[in-house]
Novice: 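Below is the structure I would like to discuss, written out as structure tokens.
Keep in mind the model is a prediction, meaning the values are calculated, not measured. Counting from 1, the numbers follow the sequence of the chain as shown.
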Amino acid sequence: VQVVESGGGLVQDGGTLRLSCAASGSVVSIDSMGWYRRSPGKKRELVAAISSEGQTYYADSVKGRFTISNFRDNSKITLSLQMNNLRPEDAAMYYCAVSYSDFGFFSQTPGGDASDHWGQGTQVTVSS
């Protein structure tokens, strides 16, 4: 499975960005998908996740501001993260990841150990 992100960039405090991720290959068995972020000096954290059945998870810090969505067919998954009202503390490298694990396990393993395939990351910078 190949995972490729796009959509990062520089935005002002309060601005909006939309991240996209394309996972292709043998994706039929992928059950969970999510966006992680890591900023210097901090641990990688799960920001938002979605299951193949549409269940969602959001970190407390992004609830009400970020929205995760996905579209899939037998050969490709398109995962998006709409980020509104961005804050300087949202600045980080954002990574898309997909997993064969069930959503309950995936969403409760915030460090990323439950993810099986990762993208290369896309940088989000928020200026104050």
Side-chain angles (χ1 to χ4, degrees):
V1 175
Q2 292 185 321
V3 181
V4 179
E5 304 101 334
S6 62
L10 172 65
V11 65
Q12 290 187 331
D13 189 355
T16 296
L17 277 177
R18 185 177 181 88
L19 305 183
S20 295
C21 166
S24 59
S26 298
V27 299
V28 172
S29 298
I30 296 295
D31 189 54
S32 304
M33 299 145 280
W35 288 95
Y36 295 81
R37 68 186 180 190
R38 175 180 275 167
S39 53
K42 294 186 178 180
K43 293 182 179 180
R44 181 171 57 195
E45 65 170 330
L46 179 61
V47 175
I50 190 166
S51 75
S52 57
E53 297 180 349
Q55 295 172 275
T56 57
Y57 162 89
Y58 295 96
D60 288 342
S61 59
V62 306
K63 283 180 181 176
R65 300 187 297 122
F66 290 12
T67 303
I68 190 170
S69 60
N70 78 307
F71 175 79
R72 66 187 297 169
D73 58 30
N74 286 339
S75 62
K76 186 176 179 180
I77 296 172
T78 302
L79 188 67
S80 298
L81 185 67
Q82 178 68 38
M83 304 187 294
N84 298 331
N85 191 21
L86 282 160
R87 304 166 180 168
E89 55 264 36
D90 294 317
M93 184 71 80
Y94 283 70
Y95 299 89
C96 175
V98 299
S99 173
Y100 305 107
S101 299
D102 68 77
F103 189 67
F105 178 67
F106 181 83
S107 62
Q108 296 304 311
T109 311
D113 291 342
S115 293
D116 296 293
H117 302 285
W118 293 84
Q120 80 286 354
T122 185
Q123 182 68 43
V124 172
T125 304
V126 184
S127 63
S128 56

Novice: Can you see which heavy atom on F105 is nearest to which on D102, and at what distance?
Specialist: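 Heavy atoms of F105 and D102 come nearest at N-OD1, 3.0 Å.
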Novice: Taking C-beta and beyond as the side chain, do M93 and S39 meet within less than 4.5 Å on heavy atoms?
Specialist: no
Novice: Got more than 12 heavy atoms from elsewhere within 6.0 Å of CG, D73?
Specialist: yes
Novice: Let me check something: do V3 and V124 share a hydrophobic cluster, defined by ILVMFWY side-chain heavy atoms less than 4.5 Å apart, either directly or through other members?
Specialist: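 Yes, it is one cluster - the side chains of V3 and V124 are joined through contacts under 4.5 Å.
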Novice: Can you confirm if the aromatic rings of W118 and Y36 lie within a centre distance of less than 6.0 Å?
Specialist: yes
Novice: Ignoring hydrogens and geometry, is there a side-chain-to-backbone donor-acceptor pair from Y57 to G104 under 3.5 Å?
Specialist: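 Checked: no pair found.
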Novice: For a 4.5 angstrom cut-off between non-hydrogen side-chain atoms, does N85 reach F66?
Specialist: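 In short, these two side chains do not touch, never coming nearer than 4.5 Å.
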Novice: Quick check: does any side chain N or O of S115 sit under 3.5 Å from a backbone N or O of H117, one acting as donor and the other as acceptor?
Specialist: no
Novice: Any carboxylate oxygen within less than 4.0 angstrom of a Lys/Arg side-chain nitrogen, looking at R87 and D90?
Specialist: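 No.
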Novice: Under 4.5 Å between any side-chain heavy atoms of L79 and I68, yes or no?
Specialist: yes
Novice: Please determine whether the number of non-hydrogen atoms from other residues, nucleotides or ligands lying under 6.0 Å from atom CD of E89 exceeds 12.
Specialist: yes
Novice: Is there a side-chain contact between V1 and Y100 (heavy atoms, below 4.5 Å)?
Specialist: yes
Novice: Taking all heavy atoms of R72 and all of S52, pick out the closest pair and write down the distance.
Specialist: NH1-CB, 3.3 Å
Novice: Mark yes or no for whether Q123, through its side chain, and A92, through its backbone, hold a donor-acceptor pair below 3.5 Å.
Specialist: yes
Novice: If you round to the nearest 0.5 Å, how far is CD1 of I30 from NZ of K76?
Specialist: 15.0 Å
Novice: Could you tell me if S128 and D13 have a donor-acceptor pair between their side chains, going purely by distance under 3.5 Å?
Specialist: no
Novice: To the nearest 0.5 Å, what is the distance between CE on M33 and OG on S80?
Specialist: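 Rounded to the nearest 0.5 Å, the CE-OG separation comes to 11.5 Å.
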Novice: Contact between V98 and V27 at the side-chain level, heavy atoms closer than 4.5 Å - yes or no?
Specialist: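 No. Closest side-chain heavy atoms not under 4.5 Å.
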Novice: According to side chain to side chain donor-acceptor pair (under 3.5 Å), who are the partners of Y94, at least two apart in sequence or on a separate chain?
Specialist: R37
Novice: Is the backbone of G54 close enough, under 3.5 Å, to the side chain of S51 for a donor and an acceptor to pair up by distance?
Specialist: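 Between the backbone of G54 and the side chain of S51 there is a qualifying donor-acceptor contact (under 3.5 Å).
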Novice: When hydrophobic residues are tied together by side-chain contacts of less than 4.5 Å, even through go-betweens, does F103 share a cluster with L81?
Specialist: no
Novice: Would a 4.5 Å heavy-atom cut-off, applied to side chains only, mark L19 and T122 as touching?
Specialist: yes
Novice: Working to the nearest 0.5 Å, report the span between CD1 of I50 and CG of N70.
Specialist: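 It is 4.5 Å, given to the nearest 0.5 Å.
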Novice: Identify the heavy atoms of G34 and F106 that sit nearest to each other, and give their distance.
Specialist: N-CZ, 3.9 Å
Novice: Measure the spacing between CZ of F71 and CD1 of I77 and express it to the nearest 0.5 Å.
Specialist: 11.0 Å
Novice: Determine yes or no for a side-chain-to-main-chain donor-acceptor pair under 3.5 angstrom, with R18 supplying the side chain and Q82 the backbone.
Specialist: no
Novice: Using 0.5 Å steps for rounding, measure from the CH2 atom of W35 to the CD atom of E45.
Specialist: 14.5 Å
Novice: G121 and Y95: which non-hydrogen atoms are nearest, and at how many Å?
Specialist: CA-CD2, 3.5 Å
Novice: Flag yes if more than 12 heavy atoms outside Q120 fall under 6.0 Å of its CD atom; otherwise flag no.
Specialist: yes
Novice: Check whether any side-chain heavy atom of S127 sits under 4.5 Å from a side-chain heavy atom of Q12, and report yes or no.
Specialist: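 S127 reaches Q12 side chain to side chain.
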Novice: Counting only N and O atoms by type, is there a donor-acceptor contact under 3.5 Å from the side chain of T16 to the main-chain atoms of N84?
Specialist: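 No; zero donor-acceptor contacts below 3.5 Å.
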